[in-house]
Amino acid sequence: MTTTQDTSIYSTALDTLMDAQKLPAGVVLKKQVAISQFEQLGLPSMKHEEWKYTYLAKILKKGFAPGYIQTDKAVLKSIADQLPAIAKDANRIVLVDGIFSSELSQINASEQYIITSLANSWNLEISASIDLFSSLTKGKKQALTALNTALCQDGVFIEVSENGSAHVELLLVQTGQEKISMPRFVIHVGIDAYLNIAEQYLLLDGQSLSNSVSEVFLDASAKVEWVKIQDAAEQSYQMDSCYVVQAKKSNYHCSTISLTGELLRNNQFIQIAGEEAHANLGGVYILDGQQQADNLIVIEHASPNATSNQLYKGILDGKSTGVFNGKIVVVEDAQKTNAFQSNKNILLSDDAAAYFRPQLEIFADDVKCSHGATSAQIEDNELFYLRSRGIGKELSKSLLMFAYVGDVIDEIEDTTLREWVKSRIASKLKIEL
């Protein structure tokens, strides 16, 4: 039986995809280059330093296969019945197995932004400044990025015009098909513009594997606040890679909240290319059973007088695993850089594991950079303080854990997003707010 470890089936999948879709010549060329790159790299294994604790081959043996994805109208109707209510003035983007659904999405007309299917944007000259699939060159050593470039059928294109603003709810629905969904997101935020994204997954049935890639371009003084909640189902496998380029005085803030999933792999590659820009990466992972969250963050300071911050906190129970692999790179000319990195974990079980690898590569001499990582257990005196006031043991533990991740949540500036995250974490910890 052929498995998804055999890279030849991906080439076959690309042939099928190009037969099914009429693609512009430029897109076809990039897909062909990408599949060649993927075949040269091969699937990442535990021999690769960045995948040292993640056994990807085990997931691929579960029967997931690449291929052309279609969803019939009956399934779309069943999904529509399960979607939560949304305000009339809000924008909702719904992808079903990685395919943009115009039937389920709600996009309001505005001169401040363009939101459309990525497949539709391939045939429109709607953003001459953005080169689709440009992360193919930035992520030369990232096999999953090359694979997504080759096999993505669709995704989302968002462009916010100068001084404009947009608020987006991004809902990624997985139907449980045993095909790998490959959504792609291309986002361009103009000068002095603002974009706010609330992202979550929904798994309808069975198990799912997604390999998503995002490209985010921030012009001068642009701002993006993106919250990702990974809480679909235990049989959910999510690979998410995000490439960000920041111009001067821009602000990129991404919070990744990992609550449920067999494997949640999050890659963030940030290039700070302009002075006075700031990148803020926050993460919370609260796992049990045999679940795993693996976070890889690389921030390159390529311009002076810029700042960045990484704060990730994990709470691990059962046989769960948390991985933090963070790197700060400061190039020779990036003087006056301030960059900080921290990973902290609480282990609730002797079988839970936390692995961390903070790294600094500094080639400038006038900088302030620091990193640190810790793992510990809940202190008995902290539990005693709450229990002595009549609070039960389990609730006491939950309250302590909620407070423990509070500084990550408080970094979320948008009030609606912050309260949304609080409610989801409280629900996970069985706390009533």
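Quick caveat, the model's predicted, so the values are computed rather than measured.
In this structure, CG in Leu43 is found 5.0 Å from OH in Tyr10, a value given to the nearest 0.5 Å. For the atom pair CD of Gln310 and CD1 of Ile270, the computed distance is 9.0 Å after rounding to the nearest 0.5 Å. The OG atom of Ser308 sits 4.0 Å away from atom CD1 of Ile299, with the distance rounded to the nearest 0.5 Å. A distance of 12.5 Å separates NZ of Lys327 from CD1 of Ile297, quoted to the nearest 0.5 Å. Once rounded to the nearest 0.5 Å, the distance linking CG of Asn148 with CZ of Phe38 reads 11.5 Å. Here CD of Gln238 is found 10.5 Å from OG1 of Thr256. Values are rounded to the nearest 0.5 Å.
When the salt bridge (Lys or Arg N to Asp or Glu O under 4.0 Å) test is applied to Asp410, no partner is found at least two apart in sequence or on another chain. Judged as a salt bridge (Lys or Arg N to Asp or Glu O under 4.0 Å), and not counting sequence neighbours, the contacts of Lys422 are Glu419. By the side chain to side chain contact (heavy atoms under 4.5 Å, CB included) test, Ser250 pairs with Leu218, Gln246, Ala277, sequence neighbours left out. For Asp366, the salt bridge (Lys or Arg N to Asp or Glu O under 4.0 Å) partners are Lys336, not counting sequence neighbours. With sequence neighbours excluded, the residues forming a side-chain hydrogen bond (donor to acceptor under 3.5 Å, both in side chains) with Thr260 are Asp231, listed by chain and number. For Asn280, the side chain to side chain contact (heavy atoms under 4.5 Å, CB included) partners are His253, His278, Asn309, Glu411, not counting sequence neighbours. Residues passing the salt bridge (Lys or Arg N to Asp or Glu O under 4.0 Å) test with Lys428, sequence neighbours excluded: none.
Smallest separation of non-hydrogen atoms from Leu118 and Val156: CB-N, 3.6 Å. Taking all atoms of both residues into account, the shortest heavy-atom contact from Met46 to Thr54 is CG-O, 3.4 Å. Minimum heavy-atom separation, Val244 to Cys242: CG2-SG, 3.8 Å. Taking both residues in full, the closest heavy atoms of Ala364 and Val331 are given as CB-O, 3.6 Å, listed atom of the first, atom of the second, then distance. In terms of heavy-atom proximity, Ile69 sits nearest to Ser181 at CD1-CA, 4.1 Å. The two residues Asn91 and Asn108 make their nearest non-hydrogen contact at OD1-N, 2.9 Å.
A donor-acceptor pair under 3.5 Å links the side-chain atoms of Asp154 to the main chain of Ala119, judged by distance alone. Of the possible polar contacts, none joining the Gln271 side chain to the Ala302 backbone as a donor-acceptor pair under 3.5 Å is found. A donor-acceptor distance shorter than 3.5 angstrom exists from the side chain of Ser303 to the backbone of Glu275, with no hydrogens or angles considered. No donor-acceptor distance shorter than 3.5 angstrom exists from the side chain of Ser427 to the backbone of Ser423, with no hydrogens or angles considered. Gln292 places a side-chain N or O within donor-acceptor distance of the main-chain N or O of Tyr53, the cut-off being under 3.5 Å. One N or O on the side chain of Asn211 and one on the backbone of Leu144 form a donor-acceptor pair closer than 3.5 Å. With hydrogens and angles ignored, the 3.5 Å screen pairs a side-chain donor or acceptor of Ser320 with a backbone N or O of Asp317. In this structure, Gln106 contributes its side chain and Ala90 its backbone to a donor-acceptor pair below 3.5 Å. In this structure, Ser101 contributes its side chain and Val94 its backbone to no donor-acceptor pair below 3.5 Å. Between the side chain of Arg418 and the backbone N or O of Ile409, no donor-acceptor pair lies under 3.5 Å.
Ion pair Glu103/Lys77 not flagged as a salt bridge, since none of the NZ, NE, NH1 or NH2 atoms sits closer than 4.0 Å to an Asp/Glu carboxylate oxygen. Of the charged side-chain nitrogens involved, at least one lies within less than 4.0 Å of a carboxylate oxygen, so that Glu49 and Arg357 count as a salt-bridged pair. A salt bridge does not link Asp97 to Lys179: none of the charged nitrogens lies less than 4.0 Å from a carboxylate oxygen.
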Which pairs of donor and acceptor atoms, one on a side chain in residues 162-169, lie under 3.5 Å apart (sequence neighbours left out)?
residue: Glu169; atom: OE2; partner: Arg92; partner atom: NE; Å: 3.0
residue: Glu169; atom: OE2; partner: Arg92; partner atom: NH2; Å: 3.2

Below 3.5 Å, can you tabulate the donor-acceptor pairs from side chains in residues 346-356 to any protein atom, sequence neighbours excluded?
residue: Ser349; atom: OG; partner: Gly318; partner atom: O; Å: 3.0
residue: Ser349; atom: OG; partner: Asp351; partner atom: N; Å: 3.0

Pairs under 3.5 angstrom only: tabulate donor-acceptor contacts from the side chains of residues 193-210 to other protein residues two or more places apart or in another chain.
residue: Tyr194; atom: OH; partner: Asn196; partner atom: ND2; Å: 3.2
residue: Asn196; atom: ND2; partner: Asp414; partner atom: OD1; Å: 3.3
residue: Glu199; atom: OE1; partner: Trp226; partner atom: NE1; Å: 3.0
residue: Gln200; atom: OE1; partner: Arg424; partner atom: NH1; Å: 3.0
residue: Gln207; atom: OE1; partner: Gln235; partner atom: NE2; Å: 3.3
residue: Gln207; atom: NE2; partner: Lys62; partner atom: O; Å: 3.4

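Screening residues 79-98 for ring pair (Phe, Tyr, Trp, His ring centres under 6.0 Å), with sequence neighbours left out, gives no hits. For residues 287-340, every residue pair satisfying the ring pair (Phe, Tyr, Trp, His ring centres under 6.0 Å) rule, not counting sequence neighbours, is listed here: Tyr312-Phe324.
Around the CD atom of Gln377, the shell of radius 6.0 Å holds no more than 12 heavy atoms that belong to other residues, nucleotides or ligands. Residue Lys31 places its NZ atom among more than 12 non-hydrogen atoms of other residues, nucleotides or ligands, all under 6.0 Å distant. Around atom CD of Gln82, more than 12 heavy atoms belonging to other residues, nucleotides or ligands sit under 6.0 Å away.
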Asn267 vs Ser241, test: side-chain hydrogen bond (donor to acceptor under 3.5 Å, both in side chains). Steps then yes/no. CA-CA 4 Å; Asn267 302 323; Ser241 299; 3.0 Å; yes
Audit row: Val284, Tyr404, side chain to side chain contact (heavy atoms under 4.5 Å, CB included) steps and yes/no: CA-CA 10 Å; Val284 171; Tyr404 175 71; over 6 Å; no
Derivation of the side chain to side chain contact (heavy atoms under 4.5 Å, CB included) call for Val323 and Lys52: CA-CA 10 Å; Val323 182; Lys52 186 175 181 179; over 6 Å; no
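Using modelled atom types, one finds a donor on one side chain and an acceptor on the other under 3.5 Å when comparing Ser258 with Gln230. Of the N and O atoms on the side chains of His371 and Asn343, not one donor lies less than 3.5 Å from an acceptor on the other residue.
Here the side chains of Gln359 and Val298 are not in contact, with every heavy-atom distance at 4.5 Å or above.
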